[in-house]
Structure formats: C-alpha cells, structure tokens
Amino acid sequence: MKESFKVCFCCVRSFKVKSSEPPEEIKNLFHDYSQDDRMSADEMLRFVIQVQGETHADINYVKDIFHRLKHHGVFHPRGLHLEGFYRYLLSDFNSPLPVTREVWQDMNQPLSHYFLYTGHNSYLTGNQLNSNSSIEPIVKALRKGVRVIELDLWPNSSGKEAEVRHGGTLTSCEDLQKCLNAVKENAFQVSAYPVVLTLEDHLTPILQKKVAKMVSKTFGGSLFQCTEENTECFPSPESLKNKILISTKPPKEYLQTQVSQGSTTDESIKAKKNADAEEQVQEEDEESVAIEYRDLISIHAGNRKGGLKNCLNGDPKRVIRLSMSEQWLETLAKTRGSDLVKFTQRNLLRIFPKTTRFDSSNYDPLVGWIHGAQMVAFNMQSHGRYLWMMQGMFKANGGCGYVKKPDVLLSNGPGGEIFDPCSQKLPIKTTLKVKIYTGEGWNMDFPLDHFDRYSPPDFYAKVGIAGVPLDTASYKTEIDTDEWFPIWDKEFEFPLRVPELAILCITVKDYDSNTQNDFAGQTCLPLSEVRPGIRAVRLHDRAGEVYKHVRLLMRFVLEPR
C-alpha cells in the first residue's frame, strides 16, 4: 500500500505505508510463552505473572482478557495468535496505571498529609488581564477532579453587593451566586472527597455578612463548620466526604495584610476606606458580623507575619493555611527546605503563580510538592508541560483529587532529622528502566498532512523523570523518518533516590529541520502507580484530553521492585 503527497500541480511523492506490527522482542516473547503459534490461557497466565508482574492474577483474570479480545476480532478458541497477543499489549486494559479507578490510599489521615488538586483564579477563562470570568472553568475543573476552587471577592460598582472578579485588571466580573451554585452542583460529580473553597476576600464587613448568609443558604448541610477539637489538627478527607470547606482569612485580617505589604491599589484603598467608615458607624454590629463570617471558616488562612525569616514558625496549638508566591517558595527552598517540610507536616501550604504570569502560564509544581506543599495552585485554563505534570500527579489514587504524601515528607529520620529534598547525599533506592518500542494511531487521529504537507511524519519521543533535583533527567529517541508507525526500540535508565515523588513524563514530536517541531502527544504518569511490564501508554493532546487511537508500546522495569 502506498501513500501519496502532492508536492505541486504536476509532482506527487509516494511512500510505502508500513502497518503496525509487533517488534522483534515482542515476537520473541510470544514464542517463549506459546506453543504451535497459539498462546493458551495457562501460558498467558505465566506471561502476566512473570513479565507483567501481576502476581495477583489467576486463570479467571486471563479468561477475562480473552473475553475482552473477542470484541477485537483477534481471539481464537485454541488461544491467542501473535496478532491477538499484540492487540492485548496495545489494549486499554493493559494500561500502565490501574485499570479500575479505585481510591486505595489511607484517607483517614489529617488533610495536611495529602496533596490536593488545586486551582488558581478558578473563574477565569483565559489570561489574567482582560479575559472573561465565567462559571464554566469552575464546572470544568470540578469535573476534572480539582478539589480546591479559588474565588476573588470584591464589592461591585455600587458597593452594595459582592462579585467575583480579578481585581485591578480588565477581566469581567461574574455573579457570586452563580459561582456558588456551580460549586454546589458539580462538587461531587467525580469524587466524594471534600472541596475546599478558598475566598480571597476584599469585602467590607457588611458585605461579609451578606456573603456569609449566601454561602450558608447555598451549601446548607454540605457546609463543614469547624469545631474547637479540630484546631490542633485538620480532619481527614474520609471524615469530610461530600463536604465543602471554606478557607479564607478571618475578618479584618485581609486589610491588615494589605497595609503590612504596602498595597497601593485603588481597589484596596477603597476597600479600607469603606471598612473604616463601617467601623465608625456600626462598631457594635461589627462584632456580630465578624462572628457570623468567622464561623464559616473551617481552614483559617494566616498572615505571612515576620517575612521570610519567621513565616514558617508554626503554632503548636493551632493549624493554619499559609499562602506564598512561587518566588517566595523558590527562595525558601534554597535555604530552608527542611523547615518547609516540617511546616507542612501539620499545616497547609498554598503556592500561587507570580503576578507577572499574565498569560496564565504555570510554574514547576515539583518545587512545592517535594517540600510538602499541599495546595500547588494552577491556572487550569492554560496548557504546557507543568500542567501536564499536575494532571499526571492526580491520576493517582483513583483520580479522587487527593494523593497521600509519601512517608519521607511526613515522618522524621531516626535521629529526628527532617527530609531535605535538595540534599546531594540522597541514596539511590531503585533504578527505573523504560523501553519505548513503537507507537501507532496518528494516522487515525490526525489529517494526512497535519505534520508535513509533503511526507509522512518524522517522529521522535522524549522520556523523562520530574522529581527531586537528583532524580530529574530526560532522554530522546532517534528520529524515525517518514513513518506513521515509528519503531524506536530504545531503553533508558533512571537511578532514583525518591521514586515516591517522581513523575514519568513522555512527549512525542514530529521533527522539522526548518521550523518548530510539531507536537504529537504527551502523557505524565505518577511513578508510584506505574505497573511493571509491557504496557499500552495512551497519549493526550495539549489540553490533556486523551487521543482516541494514539498510543505507545513501552516496557517498565523497577530494580529492585
């Protein structure tokens, strides 16, 4: 079969189309585990135990595989032939991650023991300067498994109502009630674990009172309100199932923060003047307003008092949520990495993008995660490698939006020493071997001339680890020229010190000598859940949506397992 590309009116280039066929190593494995070119159920069982590492498998497990293959038209009553075996290896039920999306981690620990899938400015549809505000990004985020939604609250033009908008910019506003309704209706569509609503409050006391009533009426019994017994330790995700938690600074603290940080925006000055006027006129009513609003807050956001020097001095009698920018985190990580880890063993730490990310780009989430930061807040409307890493991390634990932090971040060493993720003395725990055989599906998911108008694509793959600094590395395959079904047959090794925090990142591109290389798919996988063996790795587009047909055939080996 040939494939033709029109170069000009009178010239056509033809290429022989190669079909997807098993690499030599796969053919050899099939022959090692089969007889007379057929693989029986018993032989398949031996393969999935010895090669795939599925020690739990029994004959019924294999019979289920055979039953699924019947729908692919590659099953034979006497067993699998080579093509059927190859289709099994490339099938969705041979995923590198657990096929059943079940929550398997211990969910009875305090909230501070988990990473939470966290959004930033969750109402924005685009950039941070002049894009529209809408409930659609909120709905989309919650249905993707995001568990922390952020709303910025400001007085409207009349000063009589609260609205959602990115203050000091040209972004449009959105109705607060609509945003609350969107949270209520979509909070638990994909996960029963709690949703945290972080409110960046720029309101007068009177508006705080209105918001308190609005929130209480909207969420009703699903609103979790903290009691005294929870002040020294956060409750667990399990105990908070189907609950919505409010996290913000207690009344008046926002204005104190603005003054201490030297904010001079018109919005903040106006808000402070309004607040001062309210205090002068209604001092007695202020007390009831403060109590009513404060009672909503189940996760108290604290001020960064004392600057870089003292911001991590935790209170042994009270847990809080502390927020800091990505720049502040990077500065602290260089000099006080262990202090960050210690702080996050009990308290919540939220990281947000620097204010100059006008295009809604994101930062490296690993800097926060390896130091224990639970809420690494991302612009979910963006694209790019860092967002892919975020999406990859929260594929873990059944996609419930909560991933338990590894023990190295939660418990101290034998001598009481605290984990330092940037240490140059971390010992190697395991070696990951990744072999990438081949890929297929681009010819079905992309137009013929998508990558090159005059020839089939020239694919290469990039495989890397994102984790603690000593574990971070990446490698490229050779370029397979003019092939819709590239064969790379390349193995890479990654010595790992902290595999519990590692994310495996895979990207495929089409090489172009004169222009930017074309994107051809990506995926990020939490290494803690990657199943060993030969697996079918499905690729995703830039936004994180999975392609229908594009996938890679890869092998994963952890030594020791």
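All residue numbers in this chain count up from 1 along the given sequence.
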ask   = Is Lys249 paired with Glu200 through a side-chain N to carboxylate O contact shorter than 4.0 Å?
value = no
message = Applying salt bridge (Lys or Arg N to Asp or Glu O under 4.0 Å) as the test, list every pair that has at least one member in residues 168-180; sequence neighbours left out.
response = none
request  = Examine the side chains of Ser247 and Arg321 and answer whether a donor and an acceptor come within less than 3.5 Å of each other.
outcome  = yes
ask   = At their closest point, which heavy atom of Gln424 faces which heavy atom of Leu470, and how far apart are they?
value = OE1-CD2, 3.5 Å
task = Please check if the distance between the ring centroids of Tyr475 and Phe494 is under 6.0 Å.
result = yes
query = Does a side-chain N-to-carboxylate-O contact under 4.0 Å join Asp364 and Arg385?
reply = no
request  = Consider only side-chain N and O atoms of Tyr123 and Glu136, and report whether a donor and an acceptor are under 3.5 Å apart.
outcome  = no
request  = Check whether more than 12 heavy atoms from other residues, nucleotides or ligands sit under 6.0 Å from atom NZ of Lys342, and answer yes or no.
outcome  = no
request  = Using a strict 4.0 Å threshold on nitrogen-to-oxygen distance, state whether Glu529 and Lys395 make a salt bridge.
outcome  = no
request  = Kindly indicate, with the supporting measurements, whether the criterion side chain to side chain donor-acceptor pair (under 3.5 Å) is fulfilled by Ser134 and Asn132.
outcome  = CA-CA 6 Å; Ser134 170; Asn132 290 327; over 6 Å; no
query = Can a donor-acceptor pair be found between the side chains of Gln177 and Asn181 at a distance below 3.5 Å?
reply = yes
query = Looking at residues at least two apart in the chain, or sitting in another chain, which of them share a side chain to side chain contact (heavy atoms under 4.5 Å, CB included) with Arg346?
reply = Val319
SB check Glu545 Lys144 (cutoff 4.0 Å) = yes
ask   = Any salt bridge between Lys509 and Asp518, counting N to O under 4.0 Å?
value = no
task = To the nearest 0.5 angstrom, please state how far the CG atom of Leu199 sits from the CG atom of Leu296.
result = 8.5 Å
ask   = When rounded to the nearest 0.5 angstrom, what distance separates CG in Leu116 from OH in Tyr402?
value = 4.5 Å
